[in-house]
Each structure stands twice: as C-alpha cells, then as structure tokens.
Asks: 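First the structure, then my questions, so here it is.
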Amino acid sequence: MNKYRSHKCNELRHKDVGNKVLLAGWINKKRDHGNLLFIDLRDNYGVTQCIIDKENKNFSILEKIQLETVIRIEGNVIDRSNDTINKDLDTGEIEVVIESFDILGNCKELPLPVFSDQEYAEEIRLKYRFLDLRRKKLHENIILRSKVISFIRNEMIKMGFLEFQTPILTSSSPEGARDFLVPSRLNPGKFYALPQAPQQFKQLVMVSGFDKYFQIAPCFRDEDARADRSPGEFYQLDLEMSFVEQEDIFDIVEKLLVKTFKNFSSKKLMFEKFPRISYANSMMKYGTDKPDLRNPLIIQDVTEIFLREDVKFDIFKKLINSGSKVRCIITKNTKNKPRSFFDNIDKWAKDQGASGLAYFTFEKEQEISAKGPVGKFFSSEALKEIMKKTNAENGDSIFLACSKEEELKKITSLAREKIARDLDLIDENLFAFCWIVDYPMFELDDKTKKIVFSHNPFSMPQGNINEINFNKPLDIIAYQYDIVCNGIELSSGAIRNHIPELMYKLFSIAGYDKKIVDKKFTGMINALSYGAPPHGGIAPGIDRLIMLLANEKNIREVTMFPMNQNAQDLMMNAPSYINEDQLKDLGLFLKVKK
RNA sequence: GGGGGUGUAGCUCAGUUGGUUAGAGCGAUCGCCUGUCACGCGAUAGGUCGAGGGUUCGAGUCCCUUCACUCCCGCCA
C-alpha cells in the first residue's frame with residue numbers, strides 16, 4: 001500500500017464507512033469549535049471533511065496548524081447524520097475521524113489566501129504562482145487546458161496527421177515580429193532566433209514528403225503584451241497538409257473546432273459551417289478583419305447622401321471634399337432611448353480620439369423627420385433616401401462618423417461593439433466562428449509608403465499565375481485566411497507558394513531582391529526547387545482557444561506560469577543579469593548599465 | 001514610445017471640503033465554544049498611506065517628479 005494515501009480526497013462514499021483510510025493533502029480550511037475541530041483536506045481531486053475532538057492527543061497540535069500545511073491523516077470513515085450531509089461536496093455524505101497525523105510539508109504565513117474567491121493583485125499572484133494555481137478557478141482552467149490539448153492531439157492523429165517537433169534554436173528572419181535572439185558561443189557574433197512560428201519548418205516537412213503534419217508548437221515573438229497576448233511565448237496548433245486546396249483545410253479545421261467546442265463548452269455554436277467573409281467585405285461591414293458575428297449591427301457607407309443639396313451638414317460636406325467618407329450604424333427601435341444613451345456614445349467616441357458620433361432618430365408624423373442635435377440638417381427626402389439605402393425604419397436611430405478611411409474603420413468598428421454592448425445585443429452564450437478569406441497579398445506601409453507583405457510572404461496568390469498583374473500588386477489577392485471567433489483572431493493560415501520563380505517575383509515587389517531571398521530563406525527556397533508539393537496549412541492559437549472555452553478575458557488565466565506585462569517572470573526572476581564569464585564566453589559586452 | 005486606471009495593515013478594501021491618535025472584513029496571535037462546512041463570540045498585535053520633493057500652521061487627501069502593477073494605442077508577417 002502507498003505510504004501516503006489509500007484514497008484521494010474525492011473518493012470516499014457511504015460504502016467506505018467503517019474502513020480505516022489514509023488521506024494526504026493540503027489543509028484547505030479549519031473550523032475550530034474548541035473541543036471539536038473540522039479540517040477540510042484538499043488534493044487535486046477534491047475535498048474531504050476530517051474531524052477530531054479534544055479526547056485525541058493530536059487535537060491541540062492540529063488546532064494550531066497553519067492552513068495549506070501538507071499533512072497525512074489516518075482515520076476511520078463514518079457516516080454523517082442526515083442534517084449534516086454536505087450536498088456541495090462529492091464526499092459530503094461521510095467524514096473521516098482522525099486518529100493520527102503527520103506533517104509532510106510545513107507552511108509559512110500565506111501571502112495570499114488559497115481558500116477564497118477574492119481577486120488579488122497580479123504581482124502577488126505571479127510571484128506566488130504555485131499558491132495561485134492551488135486555487136479552484138485557476139486549477140480547473142489549467143486542467144481544462146491539458147484536456148483540450150489531449151483531445152486535439154487525439155483528433156489530429158485520428159485524422160491521419162503526424163506530430164513532429166521542430167527546432168527551437170533557428171535563424172532570424174526579416175519578416176514579421178521582433179525576434180528573441182540567442183547568442184552562439186561556438187559562432188561568436190552570430191545569433192540564433194527563437195521561432196516566431198515553425199512556418200518554414202512545416203513547409204519543409206511537406207517538401208520532405210510527410211503529407212500531414214501537426215504540432216502543439218511554442219512560438220516566440222518579442223512584442224508588447226495585451227490581455228489576450230502573452231509577452232514572449234504562446235502556443236499554436238500548427239498544421240500543414242500537402243495536395244490540398246483552401247476548402248480542404250477549412251473542412252479539417254471546422255470539424256476539429258466544432259468537435260472541440262461542443263465537447264468542452266455548454267455554449268452554442270452559431271454556425272457549424274463557418275461563414276466565409278472576404279477581407280474586403282469584412283472591412284466594409286464590420287470595419288475590422290476580426291468581426292464579432294454575435295453582434296447584429298453592421299456598418300454602411302452613406303457618403304453620397306451627404307453630397308445632396310437638401311442635406312445641409314456642412315462640416316461633413318467639407319470633410320468629404322477633402323477625401324473623407326461617411327459611414328453609419330443603424331440601431332433598431334431605439335426611439336425611446338434617453339438622450340443620455342446617445343450622448344454617452346458620442347462622448348465615448350471622443351474619448352477614443354475620434355471627433356465624435358453624430359446621431360438622430362427617424363420619426364414619422366405626417367412626414368419623416370429626424371430627431372436629434374443634427375436632425376435639422378436633413379430634408380425629409382434625404383432621410384427617405386438614407387432609410388432606403390440602410391434598410392432603416394421609423395423608430396430606428398443612426399450613428400454617423402466622418403473621417404478618412406483608416407480612422408473611420410477604427411472608430412466605426414469600435415462603435416459597433418460599444419453600441420451593441422450598451423444595447424445588450426451580444427448573446428454571451430454563443431460562439432460565432434467565421435472564416436475571413438481573400439486577404440490582399442500586399443499593402444501600403446503607412447509611414448514609408450512602401451509595398452509590404454500584408455500577412456505571410458509565403459502565401460500563394462489567387463488566380464492563374466500567368467495572368468497575375470504584377471504591376472498592380474495591391475490588387476493581388478492571396479489564398480490567405482483567418483479564423484475569427486467572437487471577435488477574437490484565433491488563427492491565420494494560407495495555401496503556400498511552392499513555386500520558386502513566383503516567390504522571387506513576389507519578394508521583389510516587397511523590395512527583396514533574389515540575393516536577399518536566397519540568403520534569408522535559404523532552406524525554403526532551396527527546398528522548393530527540388531520537387532515541392534502544393535501545400536497549405538493554418539495555426540490556431542491554443543491559448544486563445546482555451547480562453548474562449550474557459551470564458552476568461554485574460555490569457556494569464558489559462559497559462560500555468562505566465563509573465564507580467566513587462567515580460568518578467570516574477571516567480572523565477574527572469575530575465576536576469578548574467579555574470580562576466582558568461583558574457584565573455586559569448587563574446588558579448590553590455591552597453592547598458594546594470 | 002504614448003494615453004487611461006490602480007497603489008492605505010499579510011490579503012481585500014473604506015477614508016467626506018486638507019484638520020484630533022488612519023478604520024473595517026478576512027488572515028495572524030491569545031482566550032471561550034462538541035456539528036461546522038464563509039462556524040460563532042471576545043481580546044491583542046499588525047501602517048515609511050508605493051517612493052522622493054513641494055504648497056500649507058497642518059497632507060493619506062492638493063501640486064510636481066518617479067516607481068510598480070494593469071488596460072488600451074503603436075507593435076504583433
């Protein structure tokens with residue numbers, strides 16, 4: 001028999017009454033009645049109430065013992081009387097009368113209570129992560145994470161994918177995020193980079209003839225953190241397949257995600273066949289390429305109407321003449337909303353850095369009229385035209401924003417979310433997946449006005465290769481796609497460009513000549529020249545996927561040992577200074593003073 | 001790099017218009033209590049009010065600087 005325990009803390013039932021048992025775990029909670037002491041003993045699996053009275057020689061020691069001390073108890077299982085059964089506990093029908101006990105691990109005074117639902121300062125939680133992880137919510141999130149990953153792994157294997165590991169020390173690439181760099185001792189002055197994703201390796205796996213690859217892959221990007229973005233490192237379900245078209249990938253991923261979300265959440269899926277929305281369409285209707293489809297509001301362009309003679313909205317007219325556009329959001333049946341509802345949204349828009357949101361409500365007595373601060377600028381005819389164009393009805397309201405394209409997308413996209421939240425239009429019990437497809441191959445860099453890859457430089461352009469007009473690079477559409485769920489970007493993927501000549505051509509448009517491509521992407525370009533299969537893939541973000549399943553707003557809540565916003569591990573004290581010998585070994589010296 | 005929020009006891013927080021000795025709950029310590037499951041009751045200890053500077057007769061409170069944590073923008077193919 002195991003020397004520490006005969007049962008786990010969730011196991012004992014009425015049938016065990018009369019047996020002598022060994023239990024080991026943490027002291028979750030004590031209730032001291034002076035001559036009678038209750039101890040809730042907790043382990044990974046559950047809680048068992050243990051009891052001791054002052055007749056026992058151990059009573060006074062146990063009475064004084066700190067919470068979270070690890071003990072082993074030996075005792076007898078007894079029934080609880082009917083009125084003391086605890087239905088909230090798996091083991092609530094019994095309790096264990098303590099005969100003897102040992103302390104297995106002492107505990108100092110706690111910096112944060114483990115038994116509590118209270119929230120705590122992030123700093124303390126991260127420094128004492130091992131205590132935080134004992135707490136119910138976080139403990140369960142991490143267990144969920146483990147189960148989801150096992151499930152995904154099984155499903156992938158069932159679908160014929162092979163799991164491979166790819167290097168962690170690799171080479172820096174010029175595209176994408178900032179790299180984490182590792183100095184090479186054997187090659188002084190040279191650096192490895194940690195992979196931002198196993199992108200090139202997984203394509204090389206395809207060229208190597210393995211057909212279907214996946215990996216729960218760590219990815220490293222040295223960029224600033226957000227609530228849904230860990231600083232430094234995160235995990236992707238990286239996958240790649242040979243001899244496939246876009247729809248083959250969609251089919252696999254839809255199956256996997258539908259199964260996973262049905263298995264691990266009670267929330268409903270809005271679509272089991274995810275809608276395909278083109279990038280251009282998404283930008284128009286939602287102002288973003290990660291739309292939350294639970295939100296019924298859409299953005300519409302009404303620029304033309306503001307050019308009419310019978311619309312006297314001079315500020316907008318002026319802006320339109322200097323290149324701005326007008327977009328609107330219609331809200332259904334909001335005529336009875338108080339003035340404060342509209343003004344709050346206008347004020348909110350100003351706080352976001354926009355010039356505000358104009359608004360009015362369509363009303364009808366004899367004629368259609370507009371109620372609201374800017375209503376007077378519109379003739380009845382013009383209002384009818386707006387209603388026709390936007391499908392607005394009597395009693396609906398309209399929010400209007402006017403500015404240059406980029407700014408306009410940003411504010412209308414945010415306003416769409418803000419207004420829907422204020423009107424409580426978003427069903428929190430839904431998952432709304434969609435595919436965003438047809439991304440442009442290139443885009444114009446705002447600052448430099450140069451043409452850059454808009455997503456992945458290895459994506460395949462759409463259409464017949466011989467008919468692509470390289471003189472209009474901004475019009476080239478790629479087989480590039482994202483999965484979005486509830487407004488969160490879950491993954492990004494593409495059918496890859498496996499034709500070297502085409503690759504050189506596309507890189508040259510982005511300003512990389514053949515020599516640079518040969519040098520920076522040696523392995524890839526070389527491999528594509530020796531018989532590369534057409535292939536494509538995608539990489540759903542594991543952490544975000546689990547955030548959605550665990551219903552968490554912050555990625556730290558589903559990460560076992562996260563770093564803080566400044567990319568520091570407060571528990572392990574990373575990053576840290578290294579000693580002179582280590583620097584010397586690497587051929588480095590520091591310019592920055594410690 | 002920029003903007004917002006927070007910082008008061010071990011933990012979670014309150015602290016009014018600048019005014020006596022900075023409070024509460026949980027936790028800790030001590031005492032009472034044999035059926036609790038957020039046990040109850042009583043007492044005690046515990047404070048560089050994030051740090052530094054300034055205004056003032058007087059600063060937790062007002063001003064300036066700075067630090068930490070956090071959210072957002074930039075950034076994230």
Side-chain angles (χ1 to χ4, degrees), chain A residues 28-42 47-56 59 63-64 66-68 78 80-89 91-92 95 97 107-128 131-132 173-179 196-197 199-200 219-232 234 351-353 407 410-411 414 439-443 445-447 452-459 478 480 482 489 492-494 506-507 510 539 541 553-554 556 563-566 568 570:
Chain A
N28 195 47
K29 191 71 187 162
K30 285 187 300 183
R31 289 173 295 280
D32 186 357
H33 289 237
N35 293 314
L36 178 72
L37 173 66
F38 297 96
I39 289 180
D40 291 339
L41 197 67
R42 183 198 74 238
V47 171
T48 301
Q49 175 166 284
C50 305
I51 185 167
I52 187 167
D53 71 19
K54 71 170 173 195
E55 302 303 316
N56 190 302
F59 180 81
E63 206 183 15
K64 298 281 174 256
Q66 278 273 354
L67 295 184
E68 292 306 308
I78 62 164
R80 296 204 202 181
S81 67
N82 273 335
D83 54 331
T84 60
I85 285 175
N86 185 346
K87 292 201 171 62
D88 299 328
L89 222 53
T91 58
E95 59 196 7
V97 181
C107 180
K108 298 201 285 188
E109 190 176 338
L110 293 164
L112 64 91
V114 171
F115 174 74
S116 163
D117 293 330
Q118 250 172 31
E119 299 201 23
Y120 306 95
E122 206 66 35
E123 209 174 343
I124 288 171
R125 292 185 60 192
L126 293 178
K127 181 167 179 190
Y128 297 97
L131 292 179
D132 202 19
S173 77
E175 281 291 315
R178 221 172 276 123
D179 282 320
Q196 294 183 23
Q199 179 64 40
Q200 293 190 59
C219 304
F220 305 90
R221 297 178 191 176
D222 187 5
E223 297 294 348
D224 289 349
R226 287 290 183 278
D228 64 351
R229 202 163 87 201
S230 295
F234 60 96
D351 289 343
Q352 299 298 309
E407 199 183 321
K410 194 174 288 169
I411 191 64
L414 289 169
Y439 275 83
M441 188 84 214
F442 299 101
E443 64 190 13
D445 187 303
D446 279 346
K447 286 171 220 149
V452 296
F453 287 108
S454 70
H455 269 68
N456 189 322
F458 305 121
S459 301
Q480 166 85 45
D482 278 11
E489 185 191 322
S492 175
L506 294 168
F507 267 101
K553 295 264 181 294
N554 196 297
R556 286 187 298 269
M563 297 199 281
N564 71 8
Q565 195 172 39
N566 295 318
Q568 298 159 338
L570 300 176

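Letters A, B, ... are given to chains in the order of the sequence lines, protein chains preceding strands, and every chain is numbered from 1. Every value quoted in this text rests on a predicted model; they were computed, and no experiment measured them.
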Asks: Using the rule given for salt bridge (charged side-chain N to carboxylate O under 4.0 Å, His left out), can you reason through A:Glu119 versus A:Arg125, listing the C-alpha separation, both sets of side-chain angles and the distance that settles it, and then say yes or no?
Replies: CA-CA 9 Å; A:Glu119 299 201 23; A:Arg125 292 185 60 192; 6.0 Å; no

Asks: Given the P atoms of B:rC11 and B:rA28, what is the spacing between them in whole Å?
Replies: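 It comes out at 15 Å once rounded to the nearest Å.
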
Asks: Expressed as a whole number of Å, how far does the P atom of B:rU17 sit from that of B:rC63?
Replies: 14 Å

Asks: Distance between the P atoms of B:rU16 and B:rU8, in whole angstroms?
Replies: 16 Å

Asks: Whether the side chain of A:Gln49 and the base of B:rU36 hold a donor-acceptor pair under 3.5 Å is what I'd like checked.
Replies: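 Looking at the base of B:rU36, it does pair with a donor or acceptor on the side chain of A:Gln49 (distance under 3.5 Å).
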
Asks: Looking for any heavy atom pair under 4.0 Å, which part of the strands does A:Leu89 touch: base, sugar-phosphate only, or nothing?
Replies: nothing

Asks: Can you tell me which nucleotide in B:rA28, B:rC69, B:rU12 comes closest to the side chain of A:Asn564?
Replies: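 Looking only at heavy atoms from C-beta outward on A:Asn564, the closest nucleotide is B:rC69.
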
Asks: If only side-chain N and O atoms of A:Lys29 are considered, is one of them under 4.0 Å from the OP1 or OP2 phosphate oxygen of B:rC39?
Replies: yes

Asks: Checking base pairs now: Watson-Crick or wobble, both atom distances under 3.5 Å. What partners B:rC57?
Replies: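 Answer to the pairing question: B:rG19, which forms a Watson-Crick or G-U pair with B:rC57.
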
Asks: Among the nucleotides B:rU36, B:rC69, B:rC72, which one has an atom lying closest to any side-chain atom of A:Arg31?
Replies: B:rU36

Asks: Taking B:rU61 as the reference, what is the distance to B:rC69 when you measure between their C1' atoms (whole Å, please)?
Replies: 22 Å

Asks: Quick test of the criterion, 5.5 Å between centres and less than 30° between planes. Is A:His33 stacked on B:rU36 or not?
Replies: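 The base of B:rU36 is not stacked with A:His33 (the test needs centres under 5.5 Å and planes under 30°).
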
Asks: Taking the C1' atom in each of B:rA43 and B:rU6, what is the distance between them to the nearest angstrom?
Replies: 35 Å

Asks: Not counting sequence neighbours, which residues clear ring-ring contact (aromatic ring centres under 6.0 Å, His included) with A:Tyr120? List them please.
Replies: none

Asks: Nearest whole Å is fine: how far is B:rC37 C1' from A:Lys30 NZ?
Replies: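 Spelled out: NZ on A:Lys30 to C1' on B:rC37 is 15 Å.
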
Asks: Using Watson-Crick or G-U wobble geometry with both distances under 3.5 Å, which nucleotide pairs with B:rU66?
Replies: B:rG50

Asks: Is the base of B:rU70 touched by the side chain of A:Arg556 through a donor-acceptor pair closer than 3.5 angstrom?
Replies: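 Between B:rU70 and A:Arg556, which were checked side chain against base, a qualifying N/O pair under 3.5 Å is absent.
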
Asks: Can you identify which nucleotide, out of B:rC75, B:rC76, B:rC69, has its nearest atom closest to the A:Arg221 side chain?
Replies: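 Of the options given, the side chain of A:Arg221 lies nearest B:rC76.
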
Asks: With a 3.5 Å cut-off and heavy atoms only, can you find an N or O donor on one side and an acceptor on the other between the side chain of A:Asp224 and the base of B:rG74?
Replies: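 Counting by modelled atom types and ignoring angles, a donor-acceptor contact under 3.5 Å is found here.
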
Asks: Decide salt bridge (charged side-chain N to carboxylate O under 4.0 Å, His left out) for A:Asp40 and A:Arg31; before the verdict, give the C-alpha distance in whole Å, the side-chain angles of both, and the deciding distance to 0.1 Å.
Replies: CA-CA 9 Å; A:Asp40 291 339; A:Arg31 289 173 295 280; 2.9 Å; yes

Asks: Donor-acceptor pair under 3.5 Å: do we get one between A:Asn86's side chain and the base of B:rC37?
Replies: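 Between B:rC37 and A:Asn86, which were checked side chain against base, a qualifying N/O pair under 3.5 Å is present.
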
Asks: Mind checking A:Tyr120 for me? I need base, sugar-phosphate or nothing, with any heavy atom below 4.0 Å counting as a touch.
Replies: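 The residue A:Tyr120 makes sugar-phosphate contact but no base contact.
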
Asks: Quick one: A:Arg178 CZ to B:rG1 C1', roughly how many Å, whole number?
Replies: 11 Å

Asks: Suppose you measure atom P in B:rG40 against the same atom in B:rG27; what distance do you get, rounded to whole Å?
Replies: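 Straight-line distance between the two P atoms is 8 Å.
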
Asks: Take A:Glu95 and A:Gln565, find for each the nucleotide of RNA chain B with the closest heavy atom, and name the residue whose nucleotide sits nearer the 5' end.
Replies: A:Glu95

Asks: If I pick the C1' atom on B:rU12 and the same atom on B:rA38, what distance separates them, to the nearest angstrom?
Replies: 14 Å

Asks: Remember a base hit wins even if backbone is also touched, and classify A:Asn554 as base, sugar-phosphate or nothing at under 4.0 Å, heavy atoms.
Replies: sugar-phosphate

Asks: So do A:Phe458 and A:Phe453 actually touch side chain to side chain, heavy atoms under 4.5 Å?
Replies: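 Counting from C-beta outward, A:Phe453 and A:Phe458 never come under 4.5 Å.
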
Asks: Let me know, please, whether A:Gln568 or A:Leu67 comes out on the 5' side of the other along RNA chain B by nearest nucleotide.
Replies: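 Nearer the 5' end of the strand: A:Leu67.
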
Asks: Going by purine N1 to pyrimidine N3 plus the second Watson-Crick contact, or the G-U wobble pair, all under 3.5 Å, which nucleotide sits opposite B:rC76?
Replies: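 Pairing partner: none.
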
Asks: Report yes if a donor N or O on one partner sits less than 3.5 Å from an acceptor N or O on the other, where the partners are the side chain of A:Arg229 and the base of B:rC75; otherwise report no.
Replies: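 For A:Arg229, whose side chain was compared with the base of B:rC75, there is a donor-acceptor pair (under 3.5 Å).
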
Asks: Under 3.5 Å, is there a donor-acceptor pair between the side chain of A:Lys54 and the main chain of A:Leu36?
Replies: no

Asks: Could you work out the separation of B:rG10 and B:rA45 based on their P atoms and round it to a whole Å?
Replies: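 It works out to 15 Å between them.
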
Asks: Could you go through the salt bridge (charged side-chain N to carboxylate O under 4.0 Å, His left out) check for A:Lys127 and A:Glu122 one step at a time?
Replies: CA-CA 8 Å; A:Lys127 181 167 179 190; A:Glu122 206 66 35; over 6 Å; no

Asks: Roughly how many Å is it from CD in A:Glu123 to P in B:rU70, rounded to a whole number?
Replies: 8 Å

Asks: Name the closest nucleotide to the A:Glu109 side chain, picking from B:rC76, B:rG27, B:rU70.
Replies: B:rG27

Asks: Taking the side chain of A:Arg80 as its heavy atoms from C-beta onward, which of B:rC11, B:rG35, B:rG74 lies nearest to it?
Replies: B:rG35

Asks: Using a distance-only test with no angle check, is there a side-chain donor-acceptor pair under 3.5 angstrom linking A:Asp179 and A:Gln196?
Replies: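 There is such a pair between these side chains.
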
Asks: Across all strands shown, which nucleotide pairs with B:rA24 by Watson-Crick or G-U wobble geometry, both distances under 3.5 Å?
Replies: B:rU12

